[in-house]
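This structure is a prediction, so every number in the text was calculated from the model and none was measured.
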Amino acid sequence: MMRYFKNIFTVGGLLVGLLSGLTSCEDKFLDLEPLANPTDATFFSDANQLQVGLNGIYGELDFASAEGMPLVNYMETILTDNGLYRITDEKFGLQALSNSVHDANSGFSGIYKALYKGIGRANNMLQNMERAQDVTPEADFNDFKAQALVLRAYYYHFLIEFFGDVPYLDFLPATPEEGFILKSSKATIVAKLLVDLDEAAVNINSDLTGAQDRITLAAVQGLKARIALYDGQFAVAVTAADASIAAATEQGITLNADYGELFTLAGETSSEIMMRVPYDEDWGASNNFPLRMGYRFGSIFSQMLPAQNLVDAYPTINGLPIDQDPAYDPANPWANRDPRMRASIVFPQDIWGGYVYESHRDSLQTTKFVDGGAIRVLNEDCRSASWPAGLSGYLWKKYVDIEAVAGNVSRGYNDAILMRLGEIYLIKAEAEIEADGNLGEAVAALNHLRERAWGGSSYPAITANTQSELRKILRMERRVELANEGFRYSDMLRWRIAEKVRNVDLIGRVLDPTNATFVPSIDEDGVVTYSDRSEYDDWNSLLVDGVVVPNAYDSRLNGNWQNAHQRNFTAPRDYLMPIPQSEIDLYEANGIELTQNSGY
């Protein structure tokens with residue numbers, strides 16, 4: 001089991017480190033002196049200490065947790081067209097970034113420091129682990145090193161995706177002055193990461209089978225495939241994805257038969273999961289998924305919500321975009337759709353957590369089920385009855401423990417998935433498509449996911465055979481397969497479609513589905529647009545004493561964030577976050593220039 005530890009490692013300006021203490025899930029403590037003291041000269045001296053150090057590196061997989069959830073899940077909701085986050089406080093500059101009103105002082109240092117913290121922990125172990133080489137079996141020693149290399153690459157992967165060129169450190173500075181490293185280009189860093197992952201692939205324990213809470217060969221190759229894909233090295237990504245899938249087969253890793261189950265407590269043992277952030281009540285590690293994503297009843301907040309834009313991105317039961325399928329019925333918009341939609345999202349009139357979920361602004365009451373009976377109660381998911389509520393009109397089912405919601409429990413214990421076999425199939429497909437390589441293999445990879453989603457042989461098989469057709473299908477499939485897993489933000493950036501995605505206000509649910517006639521348009525990048533918004537919830541109106549009051553949303557915010565539905569993007573600046581001003585100032589105070597990203 002991967003464990004969480006309370007030690008602090010940083011490197012360089014923000015980035016100078018000490019190892020202050022490690023806490024295991026058995027509540028045993030190992031107190032270590034600062035690195036300059038004698039403990040530094042003896043730690044990492046045997047296999048047990050290597051395991052403790054490695055556990056500390058794993059402990060940073062939940063880097064920069066936001067609102068009690070993994071950062072990438074939060075970012076997908078607040079920064080893309082997949083969701084809405086009703087927020088009152090700034091988190092890491094992301095609220096400002098969503099509206100393109102951010103600057104280098106907006107709080108991005110929290111993300112920057114958290115990633116360097118994980119890198120620093122890895123560097124400390126890699127630099128000092130040779131102390132244990134003579135007393136550790138060679139295979140075990142090499143396996144420890146391989147895991148540390150992969151975890152360091154994982155943290156650098158996010159650092160360069162968010163910030164671009166950054167200081168690259170593969171050692172632990174002995175003095176603060178040694179930590180003031182100038183930027184390396186993203187391309188240079190990617191090349192180093194791929195070399196590290198190649199070394200790790202040779203030395204990682206390749207005999208492991210089944211679901212593992214540690215790095216395996218399939219995950220090593222999967223991370224290499226992801227990094228190469230994001231960097232546009234499509235041939236490398238194809239080779240690495242093939243190697244990951246082959247290793248997965250050897251390890252007994254397969255697609256989970258039930259897509260929706262993957263994101264529940266019952267799905268935590270699925271072999272499909274290749275990397276995860278584990279949460280467990282027994283050792284006090286929890287998340288806020290049910291608190292942020294559940295309904296409004298009781299003390300649950302219902303802040304993190306799927307958007308209408310995402311709902312309309314799911315294809316029909318025939319596997320076609322809704323604007324291309326004559327069978328799509330806008331008067332019955334939630335029926336006959338891709339099964340992953342219902343597996344991921346709670347819709348109006350669904351029975352959820354002991355209530356009939358209804359988000360319409362007119363539905364002041366709803367039904368609650370108690371002891372086998374049904375009673376009418378105040379509808380806390382209606383914003384006219386309970387402010388603020390029902391802002392998108394939908395709830396996330398994915399990652400929400402229904403028992404926790406029904407019991408009005410704010411803490412969740414569903415593991416957060418960081419990598420799974422389904423993503424590797426998508427990487428394989430996209431890399432083949434973009435390389436204009438074996439399009440038949442791309443189709444086969446995508447059909448593996450459709451077959452699983454539809455539950456067997458009756459799925460609508462993809463038959464397209466051109467690069468442009470398959471690119472559009474891939475972008476749709478990736479969006480819906482990975483919804484709410486934290487990938488949409490990076491996809492939006494690397495596909496260079498952020499201007500289209502973020503310069504359009506989000507809208508709410510269809511207000512009157514039975515009389516709806518409008519069908520939105522979906523372009524070649526899978527971006528949904530609405531030429532007519534009259535049939536959708538406008539967010540800003542409330543029902544007060546039976547009368548619809550416009551602009552009521554803004555009037556009741558009481559200082560809270562006023563632009564929950566508004567997104568903006570300034571290109572090309574916003575394709576990267578700014579280097580934190582505090583870091584630039586610290587370099588400058590030591591006579592060194594750390595260049596800022598363009599536009600800041």
Below 30° counts as parallel, above 60° as perpendicular, anything between as tilted: where do the rings of Phe158 and Phe162 land? tilted
Does some side-chain heavy atom of Ile204 sit less than 4.5 Å from a side-chain heavy atom of Arg214? yes
Please determine if Arg152 and Glu60 form a salt bridge, counting it only when a charged side-chain N lies under 4.0 Å from a carboxylate O. no
Contacts of type side chain to side chain contact (heavy atoms under 4.5 Å, CB included), residue Lys397, not counting sequence neighbours: Val346, Trp352
Min side-chain heavy-atom separation Glu161-Leu493 under 4.5 Å: no
Residues pairing under ring pair (Phe, Tyr, Trp, His ring centres under 6.0 Å) where one sits in residues 248-274, two or more places apart or in two chains, turn out to be Tyr259-Phe263, Phe263-Tyr399
Where does the angle between the aromatic ring planes of Tyr295 and Phe297 fall among parallel (under 30°), tilted (30 to 60°) and perpendicular (over 60°)? perpendicular
Look at the side chain of Thr264 and the backbone N and O of Gly260, then say whether any donor-acceptor pair between them is shorter than 3.5 Å. no
Over all atoms of both residues, closest heavy-atom pair of Ala218 and Met274: O-CE, 3.2 Å
Between Met275 and the options Thr216, Leu61, Leu223, Asp213, the side-chain contact (heavy atoms from CB on, under 4.5 Å) test singles out Leu61
Quick one: CG on Asn123 to CG on Asn128, what's the gap to the nearest 0.5 Å? 10.5 Å
What do the steps show when you test Glu76 against Arg479 for salt bridge (charged side-chain N to carboxylate O under 4.0 Å, His left out), and what is the final call? CA-CA 11 Å; Glu76 177 176 327; Arg479 184 176 183 187; over 6 Å; no
Run the side chain to side chain contact (heavy atoms under 4.5 Å, CB included) test against Leu265 and tell me which residues pass, sequence neighbours left out. Glu268, Asp401, Tyr413, Asn414
May I have the step-by-step check of salt bridge (charged side-chain N to carboxylate O under 4.0 Å, His left out) for Glu485 and Lys398, ending in yes or no? CA-CA 9 Å; Glu485 295 181 54; Lys398 200 172 188 178; 2.9 Å; yes
Checking Tyr74 against Leu94 for the side-chain contact (heavy atoms from CB on, under 4.5 Å) test, could you report, in this order, the C-alpha distance in whole Å, the side-chain angles of both residues, the deciding distance, and whether it holds? CA-CA 9 Å; Tyr74 177 82; Leu94 300 179; 3.7 Å; yes
Working to the nearest 0.5 Å, report the span between CD1 of Ile417 and CG of Leu262. 5.0 Å
For Asn256, is there any backbone N or O sitting under 3.5 Å from a side-chain donor or acceptor partner on Glu272? yes
Quick one, Lys186 and Val166 - any side-chain contact, counting heavy atoms below 4.5 Å? no
Heavy-atom closest pair, residues Leu169 and Gly179: CD2-O, 4.3 Å
Looking at Ser344 and Arg340, would you say the former's side chain and the latter's main chain have a donor-acceptor pair under 3.5 Å? yes
Taking the side chain from Glu481 and the backbone from Glu477, do they hold a donor-acceptor pair closer than 3.5 Å? no
Look at the rings of Tyr394 and Phe347 and say which category their plane angle falls in: under 30° parallel, 30 to 60° tilted, over 60° perpendicular. perpendicular
Basic-acidic side-chain contact under 4.0 Å: Arg276, Asp415: yes
Do the side chain of Asp46 and the main chain of Val135 share a donor and acceptor less than 3.5 angstrom apart? no
When every non-hydrogen atom of Ile189 is compared with those of Tyr156, the smallest separation belongs to CG2-CD2, 4.3 Å
Which residue in the set Leu126, Leu54, Asn205 passes side-chain contact (heavy atoms from CB on, under 4.5 Å) when paired with Phe144? Leu54
Backbone N or O of Gly120 within a donor-acceptor pair of the Tyr155 side chain at under 3.5 Å? no
Can you list the steps and then say if Glu281 with Arg411 is a salt bridge (charged side-chain N to carboxylate O under 4.0 Å, His left out)? CA-CA 9 Å; Glu281 188 172 8; Arg411 295 186 181 276; over 6 Å; no
Assess whether side-chain hydrogen bond (donor to acceptor under 3.5 Å, both in side chains) is satisfied between Tyr85 and Glu67, documenting all intermediate values. CA-CA 11 Å; Tyr85 200 95; Glu67 300 277 69; 3.0 Å; yes
Quick check: Phe369 with Tyr355 (ring centres under 6.0 Å apart)? no
